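Only one structure is covered here, and it is reproduced in the block below.
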Amino acid sequence: MTAILSLTLALGLCGLAADDKAADPVGTWNCEYEIGGEQRTSTLEIKKDGDKFTGTMSWANQKDEKLKDLKFKDGKMTFSAVRKIMDREIPIDYTLTVEGDKLKGKGEVEVGDRTQEFEIEGKREKKDK
């Protein structure tokens with residue numbers, strides 16, 4: 001009975017370790033989303049510095065915008081980024097779920113007195129070995 005309990009506990013811990021690795025956000029993510037009927041892209045780069053995550057987001061006409069309030073726990077990542085379009089700065093709040101080499105979630109932006117949401121999906125770039 002003790003052996004079965006030990007084996008079950010060991011397998012459970014291995015499963016938790018695998019889940020943590022599967023939910024690792026570090027890397028370069030190629031993202032796609034649609035706003036106003038137009039397909040758009042962005043690149044999200046996440047790094048780990050000690051026990052803290054940092055990152056940037058880039059669009060076709062804006063590069064390396066630093067992410068603010070980046071948090072990652074239990075496969076869920078949240079942050080905000082400022083999109084600069086002409087002379088306007090538009091803060092966007094992101095809530096994403098990381099599963100292996102894919103992420104999925106939404107972005108939210110305040111437009112006047114309402115919140116506009118959009119779905120976003122991304123795939124992690126493969127590392128060269």
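Bear in mind that the values here come from a model prediction, so they are computed numbers and not experimental data.
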**Q.** Carboxylate-amine/guanidinium proximity below 4.0 Å for Glu117 and Lys106
**A.**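 Salt bridge: yes.
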I'd like to check [X] versus [Y] (side-chain heavy atoms, cut-off strictly below 4.5 Å). Are they in contact?
| X | Y | value |
| --- | --- | --- |
| Val109 | Gln116 | yes |
| Arg124 | Thr28 | no |
| Met77 | Leu70 | yes |
| Leu67 | Thr54 | no |

Q | Side-chain (Ser58) to main-chain (Asp64) donor-acceptor, under 3.5 angstrom | A |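 Yes, because the side chain of Ser58 sits within donor-acceptor range (under 3.5 Å) of the backbone of Asp64.
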Output a table of donor-acceptor pairs, distance under 3.5 Å, between side-chain atoms of residues 78-95 and any protein atom two or more places apart or on a different chain; print 'none' if there are none.
from: Arg83; atom 1: NH1; to: Asn61; atom 2: OD1; distance (Å): 3.0
from: Arg83; atom 1: NH1; to: Gln62; atom 2: OE1; distance (Å): 3.1
from: Arg83; atom 1: NH2; to: Asn61; atom 2: OD1; distance (Å): 3.1
from: Lys84; atom 1: NZ; to: Glu65; atom 2: OE1; distance (Å): 3.4

Q: May I ask you to check whether over 12 heavy atoms, not counting those of Lys63, lie within 6.0 Å of atom NZ?
A: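 Yes, NZ of Lys63 has more than 12 neighbouring heavy atoms, counting only those of other groups under 6.0 Å.
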**Q.** Gap between atom CE of Met57 and atom CH2 of Trp29 - 0.5 Å precision
**A.**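 It is 11.5 Å, given to the nearest 0.5 Å.
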Less than 3.5 Å apart, which donor and acceptor atoms pair up between the side chains of residues 31-53 and the rest of the protein, not counting sequence neighbours?
from: Tyr33; atom 1: OH; to: Trp59; atom 2: NE1; distance (Å): 3.4

Q: Over all heavy atoms of both residues, which pair between Val98 and Pro25 is shortest? Give the atoms and the distance, please.
A: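 In this case the closest contact between Val98 and Pro25 is CG2-CB, 4.3 Å.
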**Q.** Least distance between heavy atoms, Ala23 atom then Gly75 atom
**A.**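 Closest heavy-atom pair between Ala23 and Gly75: CB-CA, 3.8 Å.
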Q: Report the C-alpha separation of Glu108 and Thr115 in whole Å, then their side-chain angles, then the decisive distance to 0.1 Å, and conclude whether the side chain to side chain donor-acceptor pair (under 3.5 Å) test is met.
A: CA-CA 6 Å; Glu108 290 184 346; Thr115 301; 5.8 Å; no
